[in-house]
Amino acid sequence: MTSTEGTGGLLVEDVSVRFGGVVALRDVSLTAAPNTVTGIIGPNGAGKTTLYNALCGLVRADSGRISWRGTPLLGRRPDELAGLGVARTLQGMNLFPLMTVAENVMVGADRLARGGTLAALTGLGRVGRDERRLRARALDALAEFGVAHLAEALPPSLPFGLRKRVALARALAADPDLLLLDEPAGGLSAEEIAELAERIRGFRERMTVLLVEHHMDMVMDVCDHIAVLNFGRVIAAGPPEAIRADAAVTEAYLGDAA
Ligand SMILES: Nc1ncnc2c1ncn2[C@@H]1O[C@H](COP(=O)(O)OP(=O)(O)OP(=O)(O)O)[C@@H](O)[C@H]1O
């Protein structure tokens, strides 16, 4: 019995993923306890994105198990995750360019609507009530990120940092229990990263966070627990101070820089 079994956490057990002859993940196991921030780090090509994509249903694992609160996640389609209380952000943000900021965030809040976002946005189904609820939820989420005033803007018209906030607001609008973040600090200024770190620390009151991130200072700063991947294997796992002092981790990163 592993530590999060029966306690509602995220459990990754012996997950392997191969792309043809490349073994991207080999028997990866890790846990994320409820209401904590768990970081996934590792040098380039270590398997971080593959693990993230396996969690999101974007990549099929060849073997292993992943569960959230005891419910299996492996083999689910990405669109099934919202119903299980799981939200994610992607590096590319994937905002719809021809929909307003508010409409983009309404898509994120979809699981809270009975008729679905499409019905609400297209005027079909239980339109009035759902649309009002979704819009209110979206505006709340935008307000949390200080961008409610941009509700009617189109994403391509916004600077990068603000688009990242909209993407986070979209993920949070669903009121997830598990939030998967893929390099949320990428491309942000030092000031924006500090603000983001503060927000992520605050998220753990409401949810469990899994953070794949290159920005080492931020990972050390916000994570309760860190798993380090190298060549598709977990080479270390523990609290930030233990990871900082781990010789295998230092060696893996030095090898990466060489
Ligand atoms: N679609 C794919 N087809 C073939 N090989 C792949 C594919 N995706 C990833 N790989 C390989 O799997 C390994 C792990 O890659 P992955 O992108 O998961 O690493 P990463 O830790 O996210 O790297 P980075 O920090 O550079 O983004 C690498 O050897 C990579 O070349």
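Just follow the structure's listing: the first ligand is 1, and inside any ligand the first atom is 1. FYI, side chains are in, hydrogens and waters are out, and symmetry mates aren't considered; it's all heavy atoms of this structure. Predicted, not measured: the structure shown is a model, and the values here were computed from it.
Every side-chain hydrogen bond (donor to acceptor under 3.5 Å, both in side chains) that R206 has, sequence neighbours left out, goes to E144.
Scanning the protein heavy atoms around atom 6 (C) of ligand 1, the nearest turns out to be F19 CD1, 3.2 Å. The closest protein non-hydrogen atom to atom 12 (O) of ligand 1 is A24 CB, 3.4 Å. The nearest heavy-atom contact from the protein to atom 11 (C) of ligand 1 is V22 CG1, 3.9 Å. Of the protein's heavy atoms, G47 N, 3.1 Å lies nearest to atom 19 (O) of ligand 1. Among all non-hydrogen protein atoms, the one lying nearest atom 17 (O) of ligand 1 is T49 CB, 3.7 Å. The closest protein non-hydrogen atom to atom 16 (P) of ligand 1 is T50 OG1, 3.7 Å.
Atoms NE2 and CG, from H149 and L139 in turn, are 12.5 Å apart once rounded to the nearest 0.5 Å. To the nearest 0.5 Å, atom SG of residue C56 and atom CD1 of residue I66 are 9.5 Å apart.
Taking only nitrogen or oxygen atoms, main chain and side chain alike, E183 does not reach within less than 3.5 Å of ligand 1. Residue contacts with ligand 1: A46 is placed with a nitrogen or oxygen under 3.5 Å of a nitrogen or oxygen of the ligand (distance criterion only).
Looking only at side-chain heavy atoms (C-beta outward), N44 and H214 come within less than 4.5 Å of each other. Contact check for L210 versus T208: no side-chain heavy atoms found under the 4.5 Å cut-off.
When distances from atom 2 (C) of ligand 1 to the protein are checked, a heavy atom turns up under 4.0 Å. Per-atom contact check: atom 31 (O) of ligand 1 does not touch the protein, criterion being a heavy-atom distance below 4.0 Å.
At least one heavy atom of G45 sits under 4.0 Å from some atom of ligand 1.
Residue nearest to atom 25 (O) of ligand 1, selected from E213, K48, R18: K48 (by heavy-atom distance).
Using a 4.0 Å cut-off between a side-chain N of Lys or Arg and a carboxylate O of Asp or Glu, E241 and R244 do not qualify as a salt bridge. Under 4.0 Å is where a charged nitrogen must lie from a carboxylate oxygen, and between R163 and E192 no such pair does.
Atoms of ligand 1 found under 4.0 Å from any heavy atom of H214 (numbered from 1 in listed order, with element): 25 (O).
Between the side chain of E213 and the main chain of G39, no donor-acceptor pair closer than 3.5 Å is present. In this structure a side-chain-to-backbone donor-acceptor pair under 3.5 Å is present from D62 to R18.
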